[in-house]
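None of the values given here were measured: they were computed from a predicted structure.
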Amino acid sequence: FLRAAGASAESLQLAIGMPVRGEEFLASALLISSDATPIARGYEVWRCSDSGFQLESAAYQHMRQELVRAPGSELSPSGNLPALAVEQSAAVISTDPAVVFADIPLDGNDCKGVAIPFFEGDRITNVLTLLI
């Protein structure tokens with residue numbers, strides 16, 4: 001198991017389960033992140049609506065405090081990482097700080113973000129963002 005060394009009870013920080021399906025359920029992917037070897041610095045689950053996105057839950061590992069968002073935070077329906085995933089109806093990657101961190105002003109820091117949309121039928125209900 002690749003992360004066995006960092007998966008002890010005191011250093012295991014979070015796990016994210018993602019269903020993988022086509023017409024029928026295929027499998028589940030489980031991402032496990034420890035404090036010693038984090039997968040990303042930030043993990044955010046955004047609820048989609050016509051008026052934009054609302055942060056349902058989040059976890060951060062070694063993230064600068066000014067980049068941490070509180071649950072309930074909101075984003076506009078365009079110009080950000082969750083919106084990009086909704087526009088493409090697929091997982092997306094961005095290295096543009098204005099997209100990855102949206103309304104948080106940055107001082108030119110290098111960043112990467114991955115957004116994975118979650119569907120209920122044909123409708124995207126949530127977007128998971130990984131801030132790398």
Side-chain angles (χ1 to χ4, degrees):
F1 178 58
L2 182 61
R3 294 194 171 268
S8 64
E10 65 274 359
S11 66
L12 180 64
Q13 293 292 312
L14 64 103
I16 299 169
M18 296 184 294
V20 180
R21 50 182 301 135
E23 292 296 316
E24 296 180 22
F25 174 78
L26 299 175
S28 292
L30 181 62
L31 303 177
I32 298 174
S33 189
S34 71
D35 194 48
T37 55
I39 295 170
R41 293 178 295 148
Y43 314 82
E44 300 170 332
V45 177
W46 296 92
R47 169 65 70 180
C48 304
S49 73
D50 291 338
S51 62
F53 302 92
Q54 185 174 41
L55 186 60
E56 286 193 332
S57 63
Y60 299 95
Q61 293 181 273
H62 309 291
M63 179 71 85
R64 291 185 358 224
Q65 191 58 40
E66 64 269 19
L67 302 176
V68 171
R69 296 180 191 268
S73 297
E74 295 185 352
L75 291 175
S76 68
S78 63
N80 52 61
L81 197 53
L84 187 59
V86 170
E87 291 166 13
Q88 299 294 319
S89 290
V92 296
I93 298 171
S94 179
T95 57
D96 181 350
V99 171
V100 175
F101 292 107
D103 57 353
I104 300 174
L106 290 178
D107 53 6
N109 290 331
D110 183 36
C111 70
K112 296 178 186 80
V114 176
I116 304 167
F118 287 82
F119 293 83
E120 287 182 14
D122 293 336
R123 186 174 63 92
I124 298 174
T125 58
N126 292 82
V127 177
L128 168 67
T129 59
L130 303 177
L131 309 173
I132 302 169

Kindly compute the distance separating CG (L67) from CZ (F101), expressed to the nearest 0.5 Å.
4.5 Å
Return the minimal non-hydrogen interatomic distance between S89 and P117, and the atom names on each side.
C-CG, 4.3 Å
Distance from Q54 atom CD to S49 atom OG, nearest 0.5 Å?
8.0 Å
Contact between T125 and C48 at the side-chain level, heavy atoms closer than 4.5 Å - yes or no?
no
Rounded to the nearest 0.5 Å, how far does CG of L131 lie from CD1 of I39?
13.0 Å
Can you tell if the side chain of W46 reaches within under 4.5 Å of the side chain of N126, non-hydrogen atoms only?
no
Drop me the distance from L75's CG to L55's CG, to the nearest 0.5 angstrom.
8.0 Å
Does the side chain of L128 come within less than 4.5 Å of E44's, by heavy atoms?
no
Against V68, only a single residue in E66, Q65, R64 fulfils side chain to side chain contact (heavy atoms under 4.5 Å, CB included); can you say which?
Q65
Flag the pair R69 and D103 as a salt bridge only when some basic side-chain nitrogen lies within less than 4.0 angstrom of an acidic carboxylate oxygen.
yes
Is any side-chain heavy atom of N80 less than 4.5 Å from a side-chain heavy atom of T129?
no
More than 12 heavy atoms of other residues, nucleotides or ligands under 6.0 Å from CD1 of I93: yes or no?
no
In the structure I gave you, are the side-chain heavy atoms of V127 and I116 within less than 4.5 Å of one another anywhere?
no
Spacing of SG belonging to C111 relative to CZ belonging to R41, to within rounding of 0.5 Å:
7.5 Å
Do we see a donor-acceptor contact under 3.5 Å between the side chains of S76 and S78?
no
Can you name the residues that form a side chain to side chain donor-acceptor pair (under 3.5 Å) with E87, not counting sequence neighbours?
none
